[in-house]
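Okay, so here's the structure we're looking at.
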Amino acid sequence: MRGLKAKVAIVTGAGSGIGQGIAKRLGCEGAKVIVDYVGTPEGAEETERAIQATGGEGEIVRADITRLDDVNCLIDTAWDRFGSADILINNAGVEKKSEFWETTEKDFDEVMNVNLRGAFFLTQAFVRRLRDAKKPGRIVNISSVHEDMVFPGFDSYVCSKGALRMLMRNLAVELGPLGITVNNVAPGAIATPINKSLLENKQQLSALLNNIPLARMGTPDDVAGLVAFLVSDDASYISGSTFVVDGGLMRNYREQ
Ligand code: BGC
C-alpha cells in the first residue's frame with residue numbers, strides 16, 4: 001500500500017480479533033502502531049511481536065476507551081512515543097445478546113460506552129491534536145453490517161453501530177475542511193472472539209453459513225486489507241462512506 005511508511009496508527013482493541021489483524025497489517029505495511037488493549041496483555045504482546053517480526057514498530061498501551069483519562073493517555077502516548085499520529089482505527093467493540101425486554105441498563109451502557117461513546121471521545125481527542133498541528137488524518141471506524149441490517153436479540157449493538165454510521169457521515173462533513181477523511185468498514189461474520197459462542201454452536205453456525213454466498217466466515221485479514229487501503233495514499237479522496245466486508249451476506253436473498 002502506498003504512503004503507510006512512517007505513518008503512525010492508533011488501533012483500539014488491538015489485542016485480539018479484527019483489531020489485532022488490522023494492527024499487524026498496518027505494521028507490516030510500515031506504519032508505527034499504537035496497540036491499544038484492555039483486559040489481558042498477552043494478545044497485545046502477540047500483536048507487538050508480529051509487528052516487530054516484519055521489521056515494524058509497535059507500542060502497547062492499556063487504555064479503556066470508556067474512560068476519558070485513558071483516552072487522553074492513549075493520545076498522549078502516541079505523541080510522546082512517535083511525535084504525532086496520522087491514523088485512528090476505532091475498532092474496540094462489544095456485543096450483548098438478550099431479548100429486548102430483558103436488556104439491563106448495565107449491558108446497554110457497556111455496549112454504548114465502548115462502541116459509540118469511546119469512539120466519539122477518542123476521535124475528538126485525536127482530531128483536536130491534528131487541528132492544532134494543522135495536520136491531515138484518516139479515521140476508520142469498524143462498525144458492522146448491523147449499522148444497517150437488523151440483528152434481533154442485539155438491540156443495544158444495532159443502536160451503537162447505527163449511531164456510528166451517522167457519526168461517520170457527520171464527521172466526514174465537519175472534518176473534511178481539515179483534510180481528515182472518515183469512513184466505516186462494516187464486517188459481516190468474522191471468526192473472532194466476539195462470536196465465540198456462535199462458532200461453538202454447530203447448528204447456528206451452519207444456518208449462518210447458509211446465508212453467506214461465499215460460504216465461509218471472514219477472517220481478520222479479510223477486514224485488514226480493506227482498512228489498509230482506506231488509510232493508504234490511494235484512498236485520499238474517499239470520505240463519508242461505509243465499506244462492507246461480508247462475503248455477500250447483506251445482499252443475500254433466496255426464495256427457499
Ligand atoms: C457481529 C457478529 C455477527 C455478524 C453477522 C457482527 O457485527 O459482531 O456477532 O455474527 O455481525 O451477523
Side-chain angles (χ1 to χ4, degrees), residues 11-23 36-39 43 65-66 89-100 102-104 107-120 139-169 183-227 230 241-254:
V11 184
T12 64
S16 69
I18 293 174
Q20 184 173 59
I22 294 168
D36 161 71
Y37 80 100
V38 71
I65 57 159
T66 67
I89 313 294
N90 285 310
N91 164 78
V94 292
E95 67 185 36
K96 300 274 177 190
K97 186 175 186 355
S98 61
E99 299 287 0
F100 171 64
E102 302 292 353
T103 302
T104 63
D107 281 357
F108 180 88
D109 286 348
E110 185 183 339
V111 170
M112 295 302 271
N113 284 343
V114 176
N115 298 5
L116 181 62
R117 188 180 183 278
F120 188 107
I139 298 165
V140 175
N141 303 314
I142 307 304
S143 69
S144 164
V145 288
H146 302 298
E147 69 161 50
D148 193 41
M149 190 169 82
V150 300
F151 198 14
F154 293 86
D155 303 294
S156 54
Y157 187 71
V158 297
C159 287
S160 69
K161 297 299 185 177
L164 205 51
R165 173 185 172 114
M166 282 313 297
L167 178 63
M168 173 276 291
R169 291 178 176 184
N183 291 288
N184 278 12
V185 165
I190 311 295
T192 72
I194 207 171
N195 43 36
K196 187 170 176 288
S197 73
L198 168 96
L199 292 167
E200 285 165 357
N201 181 329
K202 280 211 164 110
Q203 213 181 341
Q204 230 185 318
L205 182 60
S206 99
L208 172 66
L209 291 179
N210 255 337
N211 282 327
I212 302 176
L214 288 179
R216 68 166 175 89
M217 299 279 286
T219 66
D221 288 347
D222 290 326
V223 181
L226 175 57
V227 173
L230 286 173
S241 289
T242 291
F243 299 85
V244 173
V245 196
D246 71 346
L249 174 70
M250 273 182 99
R251 297 286 171 254
N252 196 21
Y253 174 73
R254 272 177 283 195

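Every number for a ligand or one of its atoms is a count from 1 in the order of the listing. Every value quoted in this text rests on a predicted model; they were computed, and no experiment measured them.
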(message) Students should be able to answer this: which protein heavy-atom is nearest to atom 10 (O) of ligand 1, and at what distance?
(response) Asn195 ND2, 3.9 Å
(request) Around atom 5 (C) of ligand 1, find the nearest protein heavy atom and jot down its residue, atom name and distance. (result) His146 NE2, 3.5 Å
(message) Can you tell me how the ring of Tyr157 sits relative to the ring of Phe151, calling it parallel under 30°, perpendicular over 60° and tilted otherwise?
(response) perpendicular
(request) Could you list which atoms of ligand 1 come closer than 4.0 Å to a heavy atom of Ser144? (result) 6 (C), 7 (O), 11 (O)
(message) I'd like to know if the side chain of Asn201 and the backbone of Gln203 have a donor-acceptor N/O pair within less than 3.5 Å.
(response) yes
(request) Rounded to the nearest 0.5 Å, what's the gap from CZ on Phe154 to SG on Cys159? Could you check? (result) 13.5 Å
(request) Check for a donor-acceptor pair, side chain of Thr66 on one end and backbone N or O of Val114 on the other, with a separation under 3.5 Å. (result) no
(message) Which residue is it: Asn115, Val11, Asn91, Ile190? I am looking for the one with a side-chain contact (heavy atoms from CB on, under 4.5 Å) to Ile142.
(response) Asn91
(message) On a heavy-atom basis, I'd like to know which of Glu95, Met149, Met250 is closest to atom 9 (O) of ligand 1.
(response) Glu95
(request) Consider ligand 1: state whether an atom of it lies below 4.0 angstrom from any non-hydrogen atom of Tyr157. (result) yes
(request) Could you find the nearest protein heavy atom to atom 4 (C) of ligand 1 and give me its residue, atom name and distance? (result) Gly188 O, 3.5 Å
(request) Measure the distance from atom 3 (C) of ligand 1 to every protein heavy atom, then report the residue, atom name and distance (to 0.1 Å) of the closest one. (result) Phe151 CZ, 3.8 Å
(message) Using the side-chain contact (heavy atoms from CB on, under 4.5 Å) definition, which of the options Asp246, Ile212, Asn211 pairs with Asn252?
(response) Asn211
